[in-house]
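Whatever order the structure lists ligands and atoms in, that order sets their numbers, starting from 1.
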Amino acid sequence: MKNHLTRRGFIRRAAAGSAALAWLGSRRPPLAFAAEAGKPALLGGVPVHRGGWSDWPKWLESWEPAVVKVLRSGKWYRGDGGHVAEFEAGYAKLLDAKRCLATASGTTALLVSLHVMDVDAGDEVIVSPYTFIATYNAILINKALPVFADTDPATLTMDPASIESRITERTRAILPVHIYGMPCDMDRINAIARKHNLAVIEDACQAWLAEYKGRKCGALGDLACFSFQNSKHIPSGEGGAVTGNSDELLDRCHAFHNVGRATGSFKGAKPYFTRGSNYRMQQFQAVILMQQFDKLVQETARRRENADYLSAQLKQIPGIQPARLPENSRAVWHLYPFRYDAEHFSGLARDKFLQALNAEGIPCSGGYHEQYFDGLLDEAIHSRGFKRLFSAARLKAYRDSFEELKGNRQVCATTVAMTQNLLLADRRDMDHIVEAVRKIQTHSATLAKAGG
Ligand SMILES: Cc1ncc(COP(=O)(O)O)c(C=O)c1O
């Protein structure tokens, strides 16, 4: 993330910072130090939070025998043992989805889904711009154009009202992203998709157990994709899954991820009845993931409880706006975001606010930036392949359309986000977050004037 920490790098730094802060926290401040307590930490005062935060990821010794058993068996590949299939059954059950296919990563889950939903070279996919870059990449790798719907500044997710004007005769699918584990407004998105005969693929890579109107993300569209990369709430280093309720689609996904081998309803057809690749999960990953089902459920409850408390407290502070969720929906908070209005903080710039909050011992970042200006889309647009597939007029209009993403621009410029591991702390630590924001507001004029 330009000018900010990347999410993964951020977790590493937050954990490293935690060690230093834990050291600080173990010592009582000397008296002269205490006198500085009211002063912002960025200007030399004492940080509000000095206890550090939970490391991530965490493993338990009790997981070791199952992992060692796989190691000793020599059956590491999916085809040699049942652990991956066992994980798939368990994960589908957890989401109340009919089927799950484990994959090597969230990116490969997206590639499988886009292929199976027939997104082909020269097609267009309407997607949220406010997402991890892998979502853009998966569409680009398919030689399709990621056409960005705008972001709703109140929810930080895809604004359904901005979808229809972006549909062209080439549009094949809508790819909403439940970013930070906050469900998109799926009823409105699905209604538009049905009206225009488009596929819906949920990017649920940050939304394990998130709920939209009482139903879990993962079976709200045609297919959904999850990531189990190391920073995720249920991590296995790398890993991913495609979920859904259609046997036929999941059988197609299975075949495509396994070099095109016929499975399920396609058995009996030619052994390689379709094109395919190798996006298989290993047995080790499945075993590590299965140990974490209960942990995920328990930690999700804790994150929710802390996030609800934080939102209730933070929204009382003028200039702080927690994200709005769809009715009867529950987020899982891969990051906990709020929008920051500098006007209520003596004009203190968002990036300076981030510095000040970090200095108070509250690790935070600005979330995603306007990544479509970074050059990767220009690279695609100017590639031989895209020039063959799209007219020059279409590519120019496409590039110009980035300027229209006003909601997304606002979100990128004003968001403050904290990683999920902070939400695993206790109530007193949540109070530190609120106290730190209030402290910065109290001293915002001084901070705004201070250089650096
Ligand atoms: C929203 C989103 N989409 C896609 C991905 C890609 O997942 P992976 O890193 O497992 O390939 C991620 C993971 O970081 C993500 O957060």
Should [X] be counted as touching ligand 1, given the test is an N or O pair under 3.5 Å?
X: Gly106; value: yes
X: Gln206; value: yes
X: Thr107; value: yes
X: Lys232; value: yes
X: Asp203; value: yes

Checklist entry - Relative to each other, are the rings of Phe373 and Phe402 parallel, tilted or perpendicular (30° and 60° limits)? => result perpendicular
Item to check | Aromatic ring pairing His257/His254, orientation class (parallel under 30°, perpendicular over 60°, tilted between) | outcome: perpendicular
Next on the checklist: My understanding is that we take every heavy atom of each candidate and find the minimum distance to atom 5 (C) of ligand 1. Doing that for Ser105, Gly181, Ala241, Cys205, which one comes out nearest?
Outcome noted: Cys205
Checklist outcome for this item: side chain to side chain donor-acceptor pair (under 3.5 Å) pairs touching residues 137-153, sequence neighbours excluded, are Thr151-Asn408
Checklist entry - Salt-bridged, Asp123 to Arg170, with N to O below 4.0 Å? => result no
Checklist outcome for this item: ligand 1 atoms nearer than 4.0 angstrom to some heavy atom of Ala134 are 4 (C), 5 (C), 6 (C)
Next on the checklist: My understanding is that only residues two or more places apart in sequence, or in another chain, count here; which of them pass side chain to side chain contact (heavy atoms under 4.5 Å, CB included) with Tyr77?
Outcome noted: Asp80, Arg261, Arg280
